[in-house]
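The model shown is predicted, which means the values in this text are computed figures rather than measured ones. Order of listing sets the numbers, starting from 1, for every ligand and every atom in it.
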Amino acid sequence: MKFFLDTADIGEIRELADTGLLDGVTTNPSLIAKSGRNIFEVVAEICDAVDGPVSAEVAATDFETMLAEGQKLAGIADNIAVKVPLTPAGLKTCRVLSQAGTMVNVTLCFSANQAILAAKAGASFISPFVGRLDDIAADGMNLIAEICEIYENYDDFDTEVLVASVRSPMHITEAAKMGAHVATVPASVLWSLFKHPLTDKGLDAFLTDWKKTGQSIL
Ligand code: E4P
């Protein structure tokens, strides 16, 4: 399973890239706004800091402008995945960009049928938003299960399931059990995956006992 970081904060990205566990980054217009930075500058820095796909989202809603924006964003670096919304214009843009060899991440997916359309349009990634479904008392993880099952049925669907709007470590465990390819995760949730109270307690005990031996390994 791949982990992408869901942020446009270059400090957070560099810190996690240092662990060697980071496979990519996703941004969106809200995250760019939160960074307070120019989209081209910050996305170029992110592409430099991370080897894997870096999603940068278009802001237009009509096909012609969306395509022009997507082509401009794709020019930032080789590892850009252009993010388009799951609309007819977005999927038309997805087809043209993916046929030209650009990775496309189709975002704002809330149903299995939308995910089928994205796969047919040649998306590299489909982003179902689990947290936002949970927020309206729907079952976000059930959508992931449905999409994974459907994609498995068709050899010609190459789209990776990118679990988005992740809010807790349980979303990640469940997504991994279902075989989702990627989870895009806020930094706080990714760091929390390392944590277990028994790990801390066990380490404390080992260090205390080791001190008693008076030995040194180096
Ligand atoms: C992913 O690509 C999305 O930008 C992101 O996961 C949305 O998360 P949110 O629902 O917490 O804003």
**Request:** Using ring-ring contact (aromatic ring centres under 6.0 Å, His included) as the criterion, list what pairs up with W191, not counting sequence neighbours.
**Result:** F194
**Request:** Could you tell me whether the side chain of E57 and the main chain of V82 form a donor-acceptor pair under 3.5 Å?
**Result:** no
**Prompt:** Any donor and acceptor pair, going by atom type alone, linking the side chain of H171 with main-chain N or O of V166 inside 3.5 Å?
**Reply:** no
**Prompt:** Does D9 pair with K34 as a salt bridge, N-O distance under 4.0 Å?
**Reply:** no
**Prompt:** Quick one: hydrophobic cluster around I217, which other residues, with the 4.5 Å side-chain cut-off, linked directly or via members?
**Reply:** W210
**Request:** Hydrophobic side-chain clustering at under 4.5 Å (ILVMFWY, transitive links): who's grouped with V182? Put none if nobody.
**Result:** F4, M103, F125, L162
**Request:** For ligand 1, list the protein residues that place a heavy atom within a distance below 4.0 Å of one of its atoms, sorted by chain and number.
**Result:** D6, T26, N28, K83, F129, R132, A164, S165, R167, T184
